[in-house]
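Reviewing the structure listed below.
Computed over heavy atoms, backbone and side chain alike; hydrogens, waters and symmetry mates excluded.
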Amino acid sequence: MSTFKAPKGTYDLLPPNSASYLAVREAIAAPLRNSGYGYIETPGFENVELFARGVGESTDIVTKEMYAFETKGGDRLALRPEGTASVLRAALEANLHKGGNLPVKLWYSGSYYRYERPQKGRYRHFSQVGAEAIGAEDPALDAELIILADQAYRSLGLRDFRILLNSLGDKTCRPVYRAALQEFLRGLELDEDTRRRIDINPLRVLDDKRESVQEQLIGAPMLRDYLCEECKAYHEQVRELLTAAGVAFEDDPKLVRGLDYYTRTTFEFVHDGLGSQSAVGGGGRYDGLSEMIGGPELPSVGWALGVDRTVLALEAEGITLDIPAATAVYAVPLGEEARRVLFGTVTELRRAGVATDFAYGGKGLKNAMKSANRSGARLALVAGERDLGEGVVQVKDLESGEQTPVAVDAVVEEVRRRLG
Ligand code: ATP
Ligand code: MG
(Lines give C-alpha, C1' and ligand atoms only; values in the text may rest on other atoms or scores of the structure.)
(Ligands and ions follow the chains in the order given, each with its own letter.)
Protein backbone atom coordinates (compact mmCIF):
# COMPACT_ATOMS: atom_id res chain seq x y z
CA MET A 1 0.00 0.00 0.00
CA SER A 2 1.21 3.49 -0.75
CA THR A 3 0.80 6.37 1.67
CA PHE A 4 -1.98 7.74 -0.52
CA LYS A 5 -5.63 6.81 -0.61
CA ALA A 6 -8.44 7.87 -2.91
CA PRO A 7 -9.87 11.18 -1.59
CA LYS A 8 -12.90 11.06 0.71
CA GLY A 9 -16.12 10.40 -1.17
CA THR A 10 -14.39 8.86 -4.18
CA TYR A 11 -13.55 5.34 -5.21
CA ASP A 12 -11.61 3.62 -7.95
CA LEU A 13 -13.13 1.44 -10.62
CA LEU A 14 -11.06 -1.72 -10.82
CA PRO A 15 -11.25 -4.87 -12.91
CA PRO A 16 -13.22 -7.04 -13.01
CA ASN A 17 -16.06 -4.83 -11.65
CA SER A 18 -15.11 -1.90 -13.84
CA ALA A 19 -16.41 -3.91 -16.80
CA SER A 20 -19.98 -3.54 -15.49
CA TYR A 21 -19.57 0.24 -15.37
CA LEU A 22 -18.51 0.31 -18.99
CA ALA A 23 -21.39 -1.97 -19.91
CA VAL A 24 -23.87 0.27 -18.06
CA ARG A 25 -22.59 3.37 -19.85
CA GLU A 26 -22.91 1.59 -23.15
CA ALA A 27 -26.39 0.28 -22.39
CA ILE A 28 -27.62 3.78 -21.52
CA ALA A 29 -26.01 5.31 -24.60
CA ALA A 30 -27.24 2.68 -27.07
CA PRO A 31 -30.90 3.79 -27.29
CA LEU A 32 -29.76 7.43 -27.65
CA ARG A 33 -27.34 6.68 -30.46
CA ASN A 34 -30.16 4.83 -32.12
CA SER A 35 -32.50 7.83 -31.89
CA GLY A 36 -30.61 10.69 -33.48
CA TYR A 37 -28.53 11.86 -30.52
CA GLY A 38 -24.94 12.90 -31.35
CA TYR A 39 -22.05 12.56 -28.89
CA ILE A 40 -20.79 15.69 -27.15
CA GLU A 41 -17.89 16.14 -24.75
CA THR A 42 -17.28 19.31 -22.77
CA PRO A 43 -14.52 20.30 -20.30
CA GLY A 44 -14.51 18.98 -16.74
CA PHE A 45 -14.63 22.57 -15.46
CA GLU A 46 -16.45 25.73 -16.50
CA ASN A 47 -16.63 29.36 -15.45
CA VAL A 48 -18.33 29.27 -12.09
CA GLU A 49 -21.07 31.69 -13.21
CA LEU A 50 -22.39 29.13 -15.68
CA PHE A 51 -23.66 27.16 -12.68
CA ALA A 52 -24.04 29.94 -10.10
CA ARG A 53 -26.22 32.05 -12.27
CA GLY A 54 -27.17 34.97 -10.04
CA VAL A 55 -30.64 34.72 -11.56
CA GLY A 56 -33.32 32.21 -10.77
CA GLU A 57 -33.65 30.21 -7.61
CA SER A 58 -30.77 28.93 -5.58
CA THR A 59 -30.07 25.23 -5.20
CA ASP A 60 -28.08 22.96 -2.90
CA ILE A 61 -25.76 22.20 -5.78
CA VAL A 62 -24.72 25.83 -6.07
CA THR A 63 -24.84 26.87 -2.43
CA LYS A 64 -23.24 23.82 -0.82
CA GLU A 65 -21.97 21.25 -3.26
CA MET A 66 -19.88 23.05 -5.84
CA TYR A 67 -16.12 22.68 -6.12
CA ALA A 68 -15.32 26.30 -7.01
CA PHE A 69 -11.79 27.68 -7.14
CA GLU A 70 -9.66 30.46 -8.49
CA THR A 71 -6.85 29.66 -10.90
CA LYS A 72 -3.34 31.12 -10.81
CA GLY A 73 -4.47 33.38 -13.65
CA GLY A 74 -7.41 34.66 -11.59
CA ASP A 75 -10.20 32.80 -13.42
CA ARG A 76 -13.10 31.69 -11.24
CA LEU A 77 -13.87 28.11 -12.25
CA ALA A 78 -15.92 25.20 -10.92
CA LEU A 79 -15.64 21.46 -11.45
CA ARG A 80 -18.85 20.61 -13.27
CA PRO A 81 -21.58 19.44 -10.87
CA GLU A 82 -23.95 18.49 -13.72
CA GLY A 83 -24.04 18.27 -17.50
CA THR A 84 -26.99 20.28 -18.80
CA ALA A 85 -25.59 23.80 -18.38
CA SER A 86 -22.28 22.82 -20.01
CA VAL A 87 -23.94 21.09 -22.96
CA LEU A 88 -26.23 24.05 -23.58
CA ARG A 89 -23.31 26.47 -23.25
CA ALA A 90 -21.32 24.44 -25.80
CA ALA A 91 -24.24 24.15 -28.23
CA LEU A 92 -24.84 27.91 -28.10
CA GLU A 93 -21.14 28.70 -28.43
CA ALA A 94 -20.88 26.54 -31.57
CA ASN A 95 -24.19 27.89 -32.93
CA LEU A 96 -25.53 24.36 -33.27
CA HIS A 97 -29.02 25.81 -32.85
CA LYS A 98 -28.62 27.97 -35.95
CA GLY A 99 -28.31 25.15 -38.47
CA GLY A 100 -32.09 25.23 -38.99
CA ASN A 101 -32.16 21.74 -37.60
CA LEU A 102 -33.94 21.88 -34.25
CA PRO A 103 -34.01 20.13 -31.91
CA VAL A 104 -30.27 19.66 -31.48
CA LYS A 105 -30.05 16.22 -29.87
CA LEU A 106 -26.91 15.42 -27.89
CA TRP A 107 -25.73 12.75 -25.48
CA TYR A 108 -22.78 12.71 -23.11
CA SER A 109 -20.99 10.54 -20.61
CA GLY A 110 -18.56 11.65 -17.95
CA SER A 111 -17.51 12.53 -14.42
CA TYR A 112 -19.30 15.03 -12.20
CA TYR A 113 -18.25 16.54 -8.88
CA ARG A 114 -20.28 17.56 -5.86
CA TYR A 115 -19.06 18.27 -2.35
CA GLU A 116 -21.62 16.08 -0.58
CA ARG A 117 -21.71 14.05 2.61
CA PRO A 118 -20.44 10.71 1.28
CA GLN A 119 -22.56 7.62 1.83
CA LYS A 120 -23.63 4.61 -0.16
CA GLY A 121 -24.78 5.85 -3.57
CA ARG A 122 -23.66 9.42 -2.83
CA TYR A 123 -20.13 10.33 -3.79
CA ARG A 124 -18.06 13.44 -4.45
CA HIS A 125 -17.00 12.15 -7.81
CA PHE A 126 -19.60 10.20 -9.78
CA SER A 127 -20.51 9.34 -13.30
CA GLN A 128 -23.52 10.18 -15.45
CA VAL A 129 -24.73 9.48 -18.94
CA GLY A 130 -27.06 12.21 -20.13
CA ALA A 131 -29.12 13.41 -23.06
CA GLU A 132 -30.36 16.85 -24.08
CA ALA A 133 -32.79 17.83 -26.84
CA ILE A 134 -32.36 21.55 -27.38
CA GLY A 135 -34.68 23.97 -29.13
CA ALA A 136 -38.07 22.30 -29.49
CA GLU A 137 -41.27 22.35 -27.52
CA ASP A 138 -43.03 19.12 -28.33
CA PRO A 139 -44.53 16.67 -25.84
CA ALA A 140 -43.30 13.81 -28.06
CA LEU A 141 -39.73 14.89 -27.31
CA ASP A 142 -40.32 14.73 -23.55
CA ALA A 143 -41.93 11.33 -24.04
CA GLU A 144 -39.08 10.14 -26.28
CA LEU A 145 -36.50 10.82 -23.60
CA ILE A 146 -38.44 9.04 -20.88
CA ILE A 147 -39.07 6.07 -23.18
CA LEU A 148 -35.36 5.84 -24.06
CA ALA A 149 -34.29 5.87 -20.41
CA ASP A 150 -36.86 3.18 -19.66
CA GLN A 151 -35.52 1.15 -22.60
CA ALA A 152 -31.93 1.56 -21.32
CA TYR A 153 -32.79 0.33 -17.83
CA ARG A 154 -34.82 -2.57 -19.19
CA SER A 155 -32.02 -3.60 -21.55
CA LEU A 156 -29.87 -4.03 -18.44
CA GLY A 157 -32.50 -6.32 -16.96
CA LEU A 158 -33.69 -3.85 -14.31
CA ARG A 159 -37.30 -4.22 -13.24
CA ASP A 160 -37.71 -2.72 -9.75
CA PHE A 161 -37.64 0.91 -10.83
CA ARG A 162 -40.47 3.39 -11.08
CA ILE A 163 -40.92 6.55 -13.08
CA LEU A 164 -42.25 9.55 -11.16
CA LEU A 165 -43.76 12.30 -13.30
CA ASN A 166 -44.87 15.86 -12.64
CA SER A 167 -45.29 19.22 -14.34
CA LEU A 168 -43.69 22.31 -12.81
CA GLY A 169 -45.64 24.80 -14.92
CA ASP A 170 -44.12 27.62 -16.92
CA LYS A 171 -43.25 31.27 -16.48
CA THR A 172 -46.94 32.20 -16.47
CA CYS A 173 -48.39 29.84 -13.88
CA ARG A 174 -45.36 28.89 -11.77
CA PRO A 175 -44.88 32.35 -10.15
CA VAL A 176 -48.52 32.44 -9.06
CA TYR A 177 -48.14 29.06 -7.44
CA ARG A 178 -44.79 30.00 -5.92
CA ALA A 179 -46.36 32.97 -4.16
CA ALA A 180 -49.26 30.86 -2.86
CA LEU A 181 -46.86 28.22 -1.57
CA GLN A 182 -44.67 30.82 0.13
CA GLU A 183 -47.66 32.21 1.96
CA PHE A 184 -48.63 28.73 3.16
CA LEU A 185 -45.07 27.84 4.22
CA ARG A 186 -44.61 31.07 6.19
CA GLY A 187 -47.39 29.91 8.51
CA LEU A 188 -45.54 26.71 9.50
CA GLU A 189 -43.15 25.84 12.33
CA LEU A 190 -39.88 25.49 10.46
CA ASP A 191 -36.20 25.78 11.33
CA GLU A 192 -33.99 28.67 10.25
CA ASP A 193 -32.51 26.88 7.20
CA THR A 194 -35.88 25.83 5.86
CA ARG A 195 -37.29 29.33 6.40
CA ARG A 196 -34.52 30.69 4.21
CA ARG A 197 -35.53 28.20 1.56
CA ILE A 198 -39.03 29.64 1.51
CA ASP A 199 -37.57 32.80 0.03
CA ILE A 200 -35.06 31.37 -2.40
CA ASN A 201 -36.48 27.99 -3.50
CA PRO A 202 -39.84 27.27 -1.83
CA LEU A 203 -40.69 24.28 -4.07
CA ARG A 204 -37.70 22.50 -2.59
CA VAL A 205 -39.39 22.50 0.84
CA LEU A 206 -41.99 20.08 -0.56
CA ASP A 207 -39.13 17.67 -1.12
CA ASP A 208 -38.01 17.73 2.55
CA LYS A 209 -37.54 14.15 3.73
CA ARG A 210 -38.22 14.84 7.46
CA GLU A 211 -41.51 13.59 8.84
CA SER A 212 -41.91 16.67 11.06
CA VAL A 213 -41.94 18.76 7.88
CA GLN A 214 -44.01 16.38 5.77
CA GLU A 215 -46.77 16.34 8.43
CA GLN A 216 -47.11 20.09 8.19
CA LEU A 217 -47.24 19.99 4.41
CA ILE A 218 -50.62 18.26 4.39
CA GLY A 219 -52.96 20.75 2.83
CA ALA A 220 -50.20 22.71 1.08
CA PRO A 221 -51.25 24.20 -2.25
CA MET A 222 -50.39 21.85 -5.11
CA LEU A 223 -48.85 23.05 -8.34
CA ARG A 224 -51.19 20.75 -10.21
CA ASP A 225 -54.10 23.02 -9.23
CA TYR A 226 -52.31 26.10 -10.53
CA LEU A 227 -51.19 24.86 -13.97
CA CYS A 228 -52.31 27.09 -16.85
CA GLU A 229 -54.33 25.57 -19.70
CA GLU A 230 -51.27 25.27 -22.00
CA CYS A 231 -49.22 23.47 -19.35
CA LYS A 232 -52.10 21.16 -18.53
CA ALA A 233 -52.66 20.22 -22.17
CA TYR A 234 -48.92 19.72 -22.73
CA HIS A 235 -48.61 17.48 -19.71
CA GLU A 236 -51.65 15.46 -20.71
CA GLN A 237 -50.05 14.77 -24.09
CA VAL A 238 -46.82 13.57 -22.50
CA ARG A 239 -48.83 11.24 -20.29
CA GLU A 240 -50.82 9.88 -23.23
CA LEU A 241 -47.72 9.23 -25.31
CA LEU A 242 -46.07 7.34 -22.47
CA THR A 243 -49.17 5.27 -21.90
CA ALA A 244 -49.42 4.48 -25.62
CA ALA A 245 -45.78 3.35 -25.54
CA GLY A 246 -46.55 1.00 -22.65
CA VAL A 247 -44.28 2.89 -20.25
CA ALA A 248 -45.80 2.92 -16.78
CA PHE A 249 -45.36 6.04 -14.64
CA GLU A 250 -46.70 7.47 -11.40
CA ASP A 251 -48.01 11.00 -11.11
CA ASP A 252 -46.09 12.63 -8.28
CA PRO A 253 -47.44 16.13 -7.64
CA LYS A 254 -44.66 16.79 -5.11
CA LEU A 255 -41.76 15.96 -7.39
CA VAL A 256 -39.65 19.11 -7.74
CA ARG A 257 -36.02 18.04 -8.37
CA GLY A 258 -32.85 19.75 -7.24
CA LEU A 259 -31.99 22.01 -10.15
CA ASP A 260 -33.60 25.41 -10.44
CA TYR A 261 -34.15 25.60 -14.17
CA TYR A 262 -36.84 22.98 -14.70
CA THR A 263 -40.19 23.92 -16.25
CA ARG A 264 -43.16 21.78 -17.22
CA THR A 265 -42.26 18.08 -17.50
CA THR A 266 -40.08 16.77 -14.65
CA PHE A 267 -39.40 13.16 -13.92
CA GLU A 268 -37.28 10.94 -11.78
CA PHE A 269 -36.38 7.27 -12.01
CA VAL A 270 -36.30 5.69 -8.56
CA HIS A 271 -35.17 2.21 -7.69
CA ASP A 272 -36.76 0.42 -4.78
CA GLY A 273 -33.68 -1.57 -3.77
CA LEU A 274 -31.40 1.38 -2.97
CA GLY A 275 -32.54 2.73 0.39
CA SER A 276 -32.36 6.49 0.78
CA GLN A 277 -30.26 7.20 -2.33
CA SER A 278 -33.07 5.86 -4.47
CA ALA A 279 -32.95 8.21 -7.49
CA VAL A 280 -31.06 6.50 -10.29
CA GLY A 281 -31.77 9.26 -12.78
CA GLY A 282 -33.85 12.28 -13.48
CA GLY A 283 -34.53 15.13 -15.78
CA GLY A 284 -37.07 17.38 -17.33
CA ARG A 285 -37.82 20.38 -19.46
CA TYR A 286 -35.79 23.55 -19.00
CA ASP A 287 -37.38 26.10 -21.29
CA GLY A 288 -35.79 29.11 -19.59
CA LEU A 289 -32.19 27.99 -19.14
CA SER A 290 -30.86 29.23 -22.48
CA GLU A 291 -32.01 32.77 -21.75
CA MET A 292 -30.61 32.52 -18.22
CA ILE A 293 -27.14 31.98 -19.67
CA GLY A 294 -27.46 34.73 -22.27
CA GLY A 295 -28.79 32.69 -25.21
CA PRO A 296 -31.97 32.98 -27.25
CA GLU A 297 -35.26 31.36 -26.27
CA LEU A 298 -34.65 27.63 -26.74
CA PRO A 299 -37.13 25.34 -25.02
CA SER A 300 -35.32 22.11 -24.22
CA VAL A 301 -35.60 18.85 -22.36
CA GLY A 302 -33.08 16.33 -21.05
CA TRP A 303 -32.08 13.80 -18.44
CA ALA A 304 -29.04 12.44 -16.65
CA LEU A 305 -28.79 8.90 -15.35
CA GLY A 306 -26.33 8.04 -12.59
CA VAL A 307 -23.98 5.23 -13.56
CA ASP A 308 -22.87 4.49 -9.97
CA ARG A 309 -26.41 4.08 -8.67
CA THR A 310 -27.45 2.08 -11.73
CA VAL A 311 -24.66 -0.39 -10.92
CA LEU A 312 -25.91 -0.52 -7.31
CA ALA A 313 -29.44 -1.15 -8.63
CA LEU A 314 -28.14 -4.09 -10.67
CA GLU A 315 -26.54 -5.50 -7.51
CA ALA A 316 -29.76 -4.96 -5.56
CA GLU A 317 -31.69 -6.98 -8.14
CA GLY A 318 -28.98 -9.65 -8.23
CA ILE A 319 -28.31 -9.04 -11.92
CA THR A 320 -24.90 -9.96 -13.31
CA LEU A 321 -24.34 -8.59 -16.77
CA ASP A 322 -23.30 -11.01 -19.43
CA ILE A 323 -19.85 -9.63 -20.11
CA PRO A 324 -17.69 -11.66 -22.50
CA ALA A 325 -14.27 -12.65 -21.11
CA ALA A 326 -11.67 -10.05 -21.98
CA THR A 327 -9.24 -12.71 -23.17
CA ALA A 328 -9.99 -15.57 -25.55
CA VAL A 329 -6.52 -17.02 -25.97
CA TYR A 330 -3.62 -17.17 -23.52
CA ALA A 331 -0.10 -18.07 -24.64
CA VAL A 332 2.31 -19.92 -22.35
CA PRO A 333 5.91 -20.13 -23.57
CA LEU A 334 8.37 -22.47 -21.90
CA GLY A 335 11.89 -21.27 -22.69
CA GLU A 336 13.49 -18.52 -24.76
CA GLU A 337 12.81 -19.93 -28.22
CA ALA A 338 9.14 -20.49 -27.34
CA ARG A 339 8.87 -16.90 -26.07
CA ARG A 340 10.04 -15.62 -29.43
CA VAL A 341 7.75 -17.87 -31.47
CA LEU A 342 4.62 -17.49 -29.32
CA PHE A 343 5.04 -13.73 -28.97
CA GLY A 344 4.90 -13.61 -32.77
CA THR A 345 1.75 -15.75 -32.79
CA VAL A 346 0.14 -13.51 -30.14
CA THR A 347 0.82 -10.41 -32.23
CA GLU A 348 -0.63 -12.10 -35.29
CA LEU A 349 -3.77 -13.21 -33.42
CA ARG A 350 -4.30 -9.72 -32.04
CA ARG A 351 -3.97 -8.23 -35.50
CA ALA A 352 -6.61 -10.70 -36.62
CA GLY A 353 -8.91 -9.35 -33.89
CA VAL A 354 -8.61 -12.25 -31.43
CA ALA A 355 -8.34 -11.12 -27.78
CA THR A 356 -5.04 -12.65 -26.73
CA ASP A 357 -2.70 -12.42 -23.75
CA PHE A 358 0.74 -13.75 -22.96
CA ALA A 359 2.47 -15.14 -19.86
CA TYR A 360 5.05 -12.43 -19.19
CA GLY A 361 7.88 -12.48 -16.71
CA GLY A 362 9.18 -15.97 -17.36
CA LYS A 363 6.59 -17.78 -15.19
CA GLY A 364 6.84 -21.51 -14.69
CA LEU A 365 4.24 -23.77 -16.33
CA LYS A 366 2.08 -24.12 -13.21
CA ASN A 367 1.82 -20.41 -12.52
CA ALA A 368 1.33 -19.57 -16.16
CA MET A 369 -1.57 -22.05 -16.45
CA LYS A 370 -3.16 -20.49 -13.36
CA SER A 371 -3.00 -17.10 -15.06
CA ALA A 372 -4.43 -18.62 -18.21
CA ASN A 373 -7.42 -19.96 -16.28
CA ARG A 374 -7.91 -16.71 -14.39
CA SER A 375 -7.94 -14.75 -17.65
CA GLY A 376 -11.15 -16.46 -18.71
CA ALA A 377 -9.53 -17.60 -21.98
CA ARG A 378 -11.04 -20.53 -23.85
CA LEU A 379 -7.76 -21.68 -25.36
CA ALA A 380 -4.18 -21.79 -24.17
CA LEU A 381 -1.22 -22.05 -26.52
CA VAL A 382 1.59 -23.97 -24.83
CA ALA A 383 4.99 -24.57 -26.39
CA GLY A 384 8.33 -25.84 -25.05
CA GLU A 385 11.59 -26.85 -26.72
CA ARG A 386 10.36 -30.31 -27.65
CA ASP A 387 7.16 -28.96 -29.29
CA LEU A 388 9.11 -26.46 -31.33
CA GLY A 389 11.58 -29.18 -32.33
CA GLU A 390 8.58 -30.96 -33.84
CA GLY A 391 7.34 -27.70 -35.40
CA VAL A 392 4.14 -27.60 -33.30
CA VAL A 393 2.37 -25.63 -30.58
CA GLN A 394 -0.04 -27.36 -28.15
CA VAL A 395 -3.53 -25.87 -28.39
CA LYS A 396 -5.27 -26.61 -25.11
CA ASP A 397 -9.02 -26.26 -24.60
CA LEU A 398 -9.23 -24.80 -21.08
CA GLU A 399 -12.76 -26.07 -20.52
CA SER A 400 -12.29 -29.73 -21.48
CA GLY A 401 -8.55 -29.87 -20.79
CA GLU A 402 -8.04 -31.51 -24.17
CA GLN A 403 -4.73 -30.71 -25.85
CA THR A 404 -3.82 -31.02 -29.58
CA PRO A 405 -0.54 -30.32 -31.36
CA VAL A 406 -0.95 -27.87 -34.24
CA ALA A 407 1.74 -26.89 -36.76
CA VAL A 408 3.26 -23.51 -35.83
CA ASP A 409 2.23 -21.77 -39.04
CA ALA A 410 -1.33 -23.14 -38.84
CA VAL A 411 -2.02 -21.99 -35.26
CA VAL A 412 -3.70 -18.67 -36.10
CA GLU A 413 -6.07 -20.32 -38.54
CA GLU A 414 -6.84 -23.20 -36.15
CA VAL A 415 -7.54 -20.81 -33.26
CA ARG A 416 -9.88 -18.71 -35.38
CA ARG A 417 -11.68 -21.84 -36.54
CA ARG A 418 -12.14 -23.06 -32.96
CA LEU A 419 -13.38 -19.71 -31.68
CA GLY A 420 -15.87 -19.60 -34.52
P1 ATP B 1 -30.25 13.33 -5.05
O2 ATP B 1 -31.64 13.83 -4.77
O3 ATP B 1 -30.07 11.88 -4.72
O4 ATP B 1 -29.19 14.21 -4.45
P5 ATP B 1 -30.06 14.79 -7.50
O6 ATP B 1 -31.42 15.29 -7.72
O7 ATP B 1 -29.06 15.72 -6.88
O8 ATP B 1 -30.08 13.42 -6.66
P9 ATP B 1 -29.43 14.88 -10.31
O10 ATP B 1 -28.75 16.18 -10.22
O11 ATP B 1 -30.76 14.83 -10.94
O12 ATP B 1 -29.48 14.20 -8.86
O13 ATP B 1 -28.47 13.84 -11.06
C14 ATP B 1 -28.98 12.74 -11.80
C15 ATP B 1 -28.50 11.42 -11.23
O16 ATP B 1 -27.11 11.46 -10.95
C17 ATP B 1 -29.11 11.05 -9.91
O18 ATP B 1 -30.37 10.46 -10.10
C19 ATP B 1 -28.11 10.07 -9.35
O20 ATP B 1 -28.27 8.78 -9.93
C21 ATP B 1 -26.81 10.64 -9.84
N22 ATP B 1 -26.18 11.41 -8.76
C23 ATP B 1 -26.43 12.69 -8.37
N24 ATP B 1 -25.63 13.04 -7.36
C25 ATP B 1 -24.86 11.96 -7.08
C26 ATP B 1 -23.82 11.68 -6.14
N27 ATP B 1 -23.40 12.60 -5.28
N28 ATP B 1 -23.26 10.44 -6.15
C29 ATP B 1 -23.65 9.49 -7.02
N30 ATP B 1 -24.61 9.69 -7.93
C31 ATP B 1 -25.21 10.91 -7.98
MG1 MG C 1 -28.35 15.96 -4.97
Side-chain angles (χ1 to χ4, degrees), residues 53-63 84 137-139 141-143 145-146 163-240 242 249-268 270 279 282-293 297-303:
R53 284 175 300 274
V55 281
E57 298 170 70
S58 111
T59 68
D60 284 354
I61 290 180
V62 171
T63 56
T84 304
E137 194 180 59
D138 183 338
L141 201 51
D142 307 41
L145 278 161
I146 296 172
I163 301 172
L164 309 180
L165 184 68
N166 193 19
S167 172
L168 291 182
D170 63 9
K171 57 176 184 260
T172 316
C173 54
R174 169 103 144 258
V176 181
Y177 170 68
R178 193 174 184 272
L181 181 64
Q182 281 175 324
E183 194 178 313
F184 175 86
L185 294 175
R186 290 204 176 101
L188 305 183
E189 302 270 321
L190 297 167
D191 59 274
E192 194 63 20
D193 246 16
T194 315
R195 291 205 148 270
R196 215 166 306 131
R197 263 195 193 164
I198 298 178
D199 294 319
I200 54 182
N201 194 349
L203 271 68
R204 238 353 216 170
V205 180
L206 297 177
D207 212 21
D208 201 306
K209 307 279 188 292
R210 289 169 299 181
E211 198 159 327
S212 59
V213 176
Q214 281 302 326
E215 270 169 11
Q216 299 189 66
L217 290 176
I218 296 167
M222 289 311 233
L223 186 45
R224 171 167 65 188
D225 303 320
Y226 285 76
L227 290 185
C228 60
E229 286 311 313
E230 289 78 13
C231 284
K232 256 190 230 164
Y234 193 95
H235 196 55
E236 202 38 53
Q237 281 193 58
V238 175
R239 295 176 77 260
E240 278 167 19
L242 291 176
F249 58 88
E250 296 170 20
D251 292 307
D252 182 353
K254 280 193 188 163
L255 181 72
V256 293
R257 313 235 343 101
L259 296 158
D260 60 352
Y261 47 65
Y262 285 113
T263 49
R264 290 199 168 166
T265 315
T266 35
F267 49 87
E268 199 158 271
V270 293
R285 188 156 269 289
Y286 49 94
D287 293 341
L289 183 60
S290 173
E291 288 158 293
M292 282 185 201
I293 65 170
E297 190 183 345
L298 281 173
S300 306
V301 56
W303 52 240

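Residues Gln182 and Asp199 share a closest heavy-atom pair of NE2-O, 3.6 Å. The minimum heavy-atom distance between Asn201 and Arg178, with the atom names listed, is N-NH2, 4.4 Å. Minimum heavy-atom separation, Leu255 to Thr266: CD2-O, 3.7 Å. Contact record, Cys231 with Cys173: SG-SG, 3.9 Å, taken as the closest heavy-atom pair.
The pair Glu183-Arg186 does not meet the salt-bridge criterion, since no charged nitrogen lies less than 4.0 angstrom from a carboxylate oxygen. Taking a cutoff of 4.0 Å between a charged side-chain nitrogen and a carboxylate oxygen, Lys232 and Glu229 qualify as a salt bridge. Arg210 and Asp208 are joined by a salt bridge, as a carboxylate oxygen and a charged side-chain nitrogen come within less than 4.0 angstrom of each other. Taking the charged nitrogens against the carboxylate oxygens, Glu137 and Arg264 do have a contact shorter than 4.0 Å, which makes a salt bridge.
Not a single donor-acceptor pair under 3.5 Å links the side chain of Glu268 to the backbone N or O of Gly283. A donor-acceptor pair is defined here as one N or O able to donate and one able to accept, closer than 3.5 Å; no such pair exists between the side chain of Trp303 and the backbone of Gly284. Remark: side-chain polar atoms of Asp252 are not paired, donor with acceptor, to backbone N or O of Leu165 under 3.5 angstrom. Tyr177 contributes no side-chain N or O that, together with a main-chain N or O of Gly169, makes up a donor-acceptor pair within less than 3.5 Å.
Using modelled atom types and a 3.5 Å distance limit, the side chains of Lys254 and Gln214 yield a donor-acceptor pair. Tyr234 and Asp170 share no donor-acceptor pair across their side chains, judged by distance under 3.5 Å alone.
Looking at Leu168, Asp287, Val238 one by one, the single match for side chain to side chain contact (heavy atoms under 4.5 Å, CB included) with Thr265 turns out to be Val238.
Between the CG atom in Leu164 and the CG atom in Asp251 there is a gap of 9.5 Å [rounded to 0.5 Å].
Among residues two or more places apart in sequence or in another chain, the ring-ring contact (aromatic ring centres under 6.0 Å, His included) test is passed with Phe249 by none.
Within the structure, salt bridge (charged side-chain N to carboxylate O under 4.0 Å, His left out) contacts touching residues 215-225 (residues at least two apart or in different chains) do not occur.
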